[in-house]
Amino acid sequence: MTRKLLLLFLLVLFVLGCTSIPKIDLPNSLGGGDSEQITRKGLAVTLDKNGFYNSNQIVVDKDVSLVFKLENDATQDLSGSITLTDTLSDTYGGISGVDERSFSIPSAIYRDGKLVDSNPTTLRFDAVNYLSSEWYKGLKTSFLYEITTQYQVAIDAQLCMKNPELATNDGCSISKVSGSNLGQSALNLPLTVTSVDYSVSPLYEGESVEGSLVPLDVNLDITLENVGSGTLDTPGQILDAVRVNLEGIDQFTCFDQTFDFKTSRTNNIRCNGIYTPENEFAEIQLHVDFNYPYLIKGQLSNINIVKFDSKQIFHFLNHSQHRFRNNVRLFTLRNEVFNLRHFV
């Protein structure tokens with residue numbers, strides 16, 4: 001029994017020793033790739049790196065490409081362009097000059113507030129073989145991209161106005177509209193209206209007569225916010241020509257005309273007007289619309305250009321064959337240990 005236990009122990013040690021396989025720093029099948037999410041507001045963009053090794057290396061004389069996967073999460077048609085370049089001279093291969101592609105994607109389809117079709121499409125940029133004639137050790141490159149998209153915001157929301165002189169209950173206590181109450185068109189955009197705060201008060205205190213039509217002072221505070229990962233693509237990142245309309249309101253005026261999104265990601269539009277309700281409560285329609293170009297800049301930095309010669313490739317293939325044989329042998333030994341354990 002002692003000899004059998006000793007034999008079992010030695011076999012276990014031998015099997016464990018076979019599980020250690022040295023790591024070879026060579027590319028998987030001489031080329032790999034991965035993905036990264038760039039943005040998910042309005043235009044959703046994922047970048048695939050094809051033919052890269054370990055995400056930050058390119059093998060000499062091997063094809064590489066950058067594939068931008070585009071989806072439309074907005075309830076409007078989207079159009080724009082993507083430009084791509086690299087930092088190495090064209091002498092070394094890669095992207096020649098500045099490569100630009102345009103796109104146009106139909107509106108997303110929503111059902112019951114859920115996205116059912118984002119109309120995905122792709123734009124592929126191929127890089128010419130790097131250093132196809134000579135090898136310069138230690139070279140690096142970076143890929144620079146710019147994504148420009150045109151957006152239009154069109155908000156239609158209902159504001160509940162209460163005449164404090166006539167109302168006898170709190171059926172119209174809401175004083176803020178945000179989120180889905182602004183409508184689907186306000187959602188999933190990089191720069192949009194995120195909330196509307198409003199208030200009403202008697203225009204003339206102490207002069208109302210019971211049952212009379214009391215004019216109300218209406219004040220709006222509309223919040224515009226850049227919730228995306230890019231910037232407004234206008235001179236100085238200034239947004240203007242925002243149109244605001246509140247139906248049935250007299251002497252309606254908005255005091256802010258331009259909005260600076262370079263120094264702040266949020267801006268507010270403050271408006272005022274006079275409303276004379278005929279009943280205790282009234283639903284007033286608010287319209288806000290504007291359009292803008294939006295820019296996302298990004299880069300893949302410090303991409304090393306590496307070379308694998310024929311000896312390394314042979315060693316990689318030979319090692320793969322040796323590892324396969326080890327796995328077969330390991331499986332056989334594990335079965336022998338299992339059988340011996342039951343025999344003991």
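Atoms considered below: every heavy atom in the structure, side chains included; atoms not considered: hydrogens, waters and symmetry mates.
- Listed here is the closest heavy atom pair of Ile238 and Thr234: O-OG1, 2.8 Å.
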inquiry  = The test is side chain to side chain contact (heavy atoms under 4.5 Å, CB included); show your working for Phe252 and Leu220 and say whether it passes.
reply    = CA-CA 10 Å; Phe252 186 71; Leu220 294 184; 3.9 Å; yes
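- In plain terms, the two heavy atoms of Ala157 and Asn181 that are nearest each other are CB-O, 3.9 Å.
- Side-chain atoms of Thr87 come within 3.5 Å of backbone N or O of Ser142 as a donor-acceptor pair.
- Checked against Glu146 for a side chain to side chain contact (heavy atoms under 4.5 Å, CB included), the options Leu84, Ile296, Thr83 give a single hit: Thr83.
- Gln76 contributes a side-chain N or O that, together with a main-chain N or O of Gln152, makes up a donor-acceptor pair within less than 3.5 Å.
- In this structure, Arg124 and Thr122 have side chains that are not in contact, with every pair of non-hydrogen atoms separated by 4.5 Å or more.
- With 3.5 Å as the limit, one finds a donor-acceptor pair spanning the side chains of Asn188 and Tyr110.
- Asn267 contributes a side-chain N or O that, together with a main-chain N or O of Asp260, makes up a donor-acceptor pair within less than 3.5 Å.
- In this structure, Phe259 CZ and Tyr292 OH are separated by 14.0 Å, a value rounded to the nearest 0.5 Å.
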query = Would Val177 and Tyr198 count as a side chain to side chain contact (heavy atoms under 4.5 Å, CB included) if you check the C-alpha gap in whole Å, the side-chain angles of each, and the deciding distance to 0.1 Å?
reply = CA-CA 9 Å; Val177 178; Tyr198 62 98; 4.1 Å; yes
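- Side-chain atoms of Thr223 and Asn268 form a donor-acceptor pair, as typed in the model, at a separation below 3.5 Å.
- We find the CG-OH distance between Leu159 and Tyr275 to be 11.0 Å, quoted to the nearest 0.5 Å.
- With hydrogens and angles disregarded, a donor-acceptor distance shorter than 3.5 Å links the side chain of Tyr151 to the backbone of Leu43.
- Here the side chain of Arg243 pairs a donor or acceptor atom with the backbone of Ala241 at under 3.5 angstrom.
- Each of Leu115 and Leu78 belongs to its own hydrophobic cluster when Ile, Leu, Val, Met, Phe, Trp and Tyr are linked at side-chain heavy-atom distances under 4.5 angstrom.
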query = What do the steps show when you test Phe290 against Val244 for side chain to side chain contact (heavy atoms under 4.5 Å, CB included), and what is the final call?
reply = CA-CA 9 Å; Phe290 57 94; Val244 182; over 6 Å; no
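- Note that the NE2 atom of His287 and the CG atom of Leu246 stand 8.5 Å from one another [nearest 0.5 Å].
- Residues Phe143 and Leu123 are members of one and the same hydrophobic cluster, defined by side-chain heavy-atom contacts under 4.5 angstrom among Ile, Leu, Val, Met, Phe, Trp and Tyr.
- Of all the heavy atoms in Tyr53 and Val59, the pair that sits closest is CB-CG2, 4.4 Å.
- With Asn50 contributing its side chain and Ser65 its backbone, the two residues share no donor-acceptor pair below 3.5 Å.
- For the atom pair CD1 (Ile147) and CG (Leu47), the distance works out to 8.0 Å, reported to the nearest 0.5 Å.
- Judged purely by atom type and a 3.5 angstrom limit, Ser185 uses its side chain to pair as donor or acceptor with the backbone of Ala154.
- For the pair Arg101 and Ser81, the minimum side-chain heavy-atom distance is 4.5 Å or more.
- Remark: Lys49 NZ to Leu300 CG distance equals 5.5 Å, nearest 0.5 Å.
- Between the Arg265 side chain and the Asn226 main chain, a donor and an acceptor come within less than 3.5 Å of each other.
- Contact record, Ala186 with Ile155: CB-CD1, 3.0 Å, taken as the closest heavy-atom pair.
- For the atom pair Thr149 OG1 and Lys41 NZ, the distance stands at 14.5 Å (nearest 0.5 Å).
- The aromatic ring centres of Tyr145 and Phe125 sit 6.0 Å or more apart.
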request  = Show your working on side chain to side chain donor-acceptor pair (under 3.5 Å) between Asn272 and Asp217 and close with a plain yes or no.
outcome  = CA-CA 7 Å; Asn272 175 264; Asp217 186 34; 2.8 Å; yes
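- Within 6.0 Å of CD in Gln251 there are 12 or fewer heavy atoms belonging to other residues, nucleotides or ligands.
- Contact of the Leu88 side chain with the Ile305 side chain is registered, since non-hydrogen atoms from C-beta on lie closer than 4.5 Å.
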task = Give the C-alpha distance, both sets of side-chain angles, the deciding distance and a yes or no for side chain to side chain contact (heavy atoms under 4.5 Å, CB included) between Asn291 and Gln150.
result = CA-CA 7 Å; Asn291 51 66; Gln150 295 288 332; 5.8 Å; no
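- Of the possible donor and acceptor atoms, none in the side chain of Tyr92 sits under 3.5 Å from a partner among the backbone N and O of Leu139.
- In this structure, Phe52 and Val64 have side chains that are in contact, with non-hydrogen atoms separated by less than 4.5 Å.
- The shortest heavy-atom contact between Asp73 and Ala44 is OD2-CB, 4.0 Å.
- Looking only at side-chain heavy atoms (C-beta outward), Pro293 and Leu295 stay at 4.5 Å or farther from each other.
- Of the possible polar contacts, one joining the Asn119 side chain to the Ser107 backbone as a donor-acceptor pair under 3.5 Å is found.
- Between Thr141 and Asp86 the shortest heavy-atom distance is OG1-CB, 3.6 Å.
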